[in-house]
Amino acid sequence: QVQLVESGGGLVQAGGSLRLSCAASGRTFSMSAMGWFRQAPGKEREFVAAILWSGVNTYYADSVKGRFTISRDNAKNTVYLQMNSLKPEDTAVYYCAAGLRYNGRPGVTPWQYDYWGQGTQVTVSS
């Protein structure tokens, strides 16, 4: 089992920044990929960013590319999502997830992840 706990959400004005954290515990060695997803009311859960526990490559949805940065701290078993230049359309519950790699890359769909955090609310006001 892998446990994931997100933190760092909140209310911010458009153009502002937030940093989300996801602390992983348990059998973290069994999972090679970490991802961030978000879900707005009435919408499906969508991919935001992903990273492997090893390597340097990062992956982003087009809607956040250039504004969000995913990073990790292996010593702390923690993954971060730095969100800059936030827009009202970024408002959602943000979830971190742990899963396996696929062809050397992290998954970009929710069903490619096995463990999920409880989510943290991000609200961007205009």
Side-chain angles (χ1 to χ4, degrees):
Q1 291 286 343
V2 175
Q3 294 78 42
L4 303 173
V5 178
E6 302 103 331
S7 61
L11 173 64
V12 64
Q13 288 189 333
S17 299
L18 283 174
R19 188 176 83 153
L20 305 183
S21 299
C22 175
S25 61
R27 297 173 61 86
T28 56
F29 58 86
S30 64
M31 295 287 111
S32 51
M34 295 294 293
W36 285 98
F37 290 77
R38 66 187 182 187
Q39 188 166 19
K43 295 189 176 181
E44 294 186 350
R45 192 167 297 190
E46 66 173 1
F47 170 75
V48 175
I51 191 170
L52 298 176
W53 282 114
S54 62
V56 299
N57 292 338
T58 53
Y59 305 85
Y60 299 95
D62 288 343
S63 58
V64 306
K65 205 170 291 184
R67 299 188 298 121
F68 290 12
T69 302
I70 188 171
S71 61
R72 66 176 195 268
D73 185 332
N74 290 46
K76 296 181 178 180
N77 282 341
T78 299
V79 175
Y80 304 97
L81 185 68
Q82 178 66 43
M83 306 185 295
N84 298 329
S85 301
L86 282 161
K87 305 175 181 180
E89 51 263 43
D90 294 318
T91 295
V93 177
Y94 283 70
Y95 299 90
C96 72
L100 302 175
R101 70 179 68 196
Y102 297 86
N103 294 322
R105 298 163 61 101
V108 296
T109 59
W111 49 85
Q112 291 176 301
Y113 289 82
D114 300 296
Y115 299 97
W116 293 83
Q118 81 286 354
T120 185
Q121 177 70 47
V122 171
T123 303
V124 184
S125 63
S126 57

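Counting all heavy atoms, side chain and backbone alike, Trp53 lies closest to Thr78 at CH2-N, 3.8 Å. When all heavy atoms of Ser126 and Ala14 are compared, the pair lying nearest together is CA-CB, 4.4 Å. Residues Ser30 and Arg27 share a closest heavy-atom pair of OG-O, 2.5 Å. Here the closest heavy-atom approach between residue Gln3 and residue Gln1 is recorded as NE2-CB, 3.5 Å. Summarising the geometry of Ala33 relative to Leu52, their closest heavy-atom pair is CB-CD2, 3.8 Å, with the distance given to 0.1 Å. Minimum heavy-atom separation, Val48 to Val64: O-CG2, 3.5 Å.
Few gaps surround NZ on Lys65; more than 12 heavy atoms of other groups in view lie less than 6.0 Å from it.
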Please lay out, stage by stage, how Arg101 and Ser54 fare under the test side chain to side chain contact (heavy atoms under 4.5 Å, CB included). CA-CA 11 Å; Arg101 70 179 68 196; Ser54 62; 3.2 Å; yes
Starting from the C-alpha separation in whole Å, work towards a yes-or-no answer on side chain to side chain contact (heavy atoms under 4.5 Å, CB included) for Leu86 and Phe68. CA-CA 9 Å; Leu86 282 161; Phe68 290 12; 3.8 Å; yes
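Between the Thr91 side chain and the Val124 main chain, a donor and an acceptor come within less than 3.5 Å of each other.
Counting heavy atoms from C-beta on, the side chains of Glu6 and Leu20 never come closer than 4.5 Å. The side-chain heavy atoms of Tyr113 and Met31, taken from C-beta on, include no pair separated by under 4.5 Å. In this structure the side chain of Met83 never reaches within 4.5 angstrom of the side chain of Asp90, judged on heavy atoms. Side-chain contact between Tyr60 and Val108 is absent, with no heavy atoms from C-beta onward closer than 4.5 Å. Contact of the Arg105 side chain with the Asn57 side chain is not registered, since no non-hydrogen atoms from C-beta on lie closer than 4.5 Å. Looking at heavy atoms from C-beta onward, Ile70 lies in side-chain contact with Val79 at the 4.5 angstrom threshold.
Interatomic distance, Ser17 OG to Asn84 CG, rounded to the nearest 0.5 Å: 3.5 Å. Note: Glu44 CD to Arg38 CZ = 14.0 Å, rounded to the nearest 0.5 Å. Remark: Met34 CE to Leu4 CG distance equals 5.0 Å, nearest 0.5 Å. Note: Thr120 OG1 to Leu18 CG = 8.5 Å, rounded to the nearest 0.5 Å. A distance of 10.0 Å separates CG of Asn77 from SG of Cys22, quoted to the nearest 0.5 Å. Here the straight-line distance linking atom CZ of Arg45 with atom OG1 of Thr109 works out to 12.5 Å at 0.5 Å rounding.
Note: the hydrophobic cluster containing Trp36 also contains Val2 (ILVMFWY, side chain heavy atoms under 4.5 Å, direct or indirect links). Hydrophobic cluster membership differs between Phe47 and Tyr115, with clusters built from Ile, Leu, Val, Met, Phe, Trp and Tyr side chains linked at under 4.5 angstrom. In this structure, Phe37 is a member of the same hydrophobic cluster as Tyr59, with clusters built from ILVMFWY side-chain heavy atoms closer than 4.5 Å.
Taking the six-membered ring where the residue is Trp, Tyr95 and Trp116 present perpendicular rings, their angle passing 60° and hence far from 30°.
Side chains of Arg19 and Ser71: no donor on one and acceptor on the other come within 3.5 Å.
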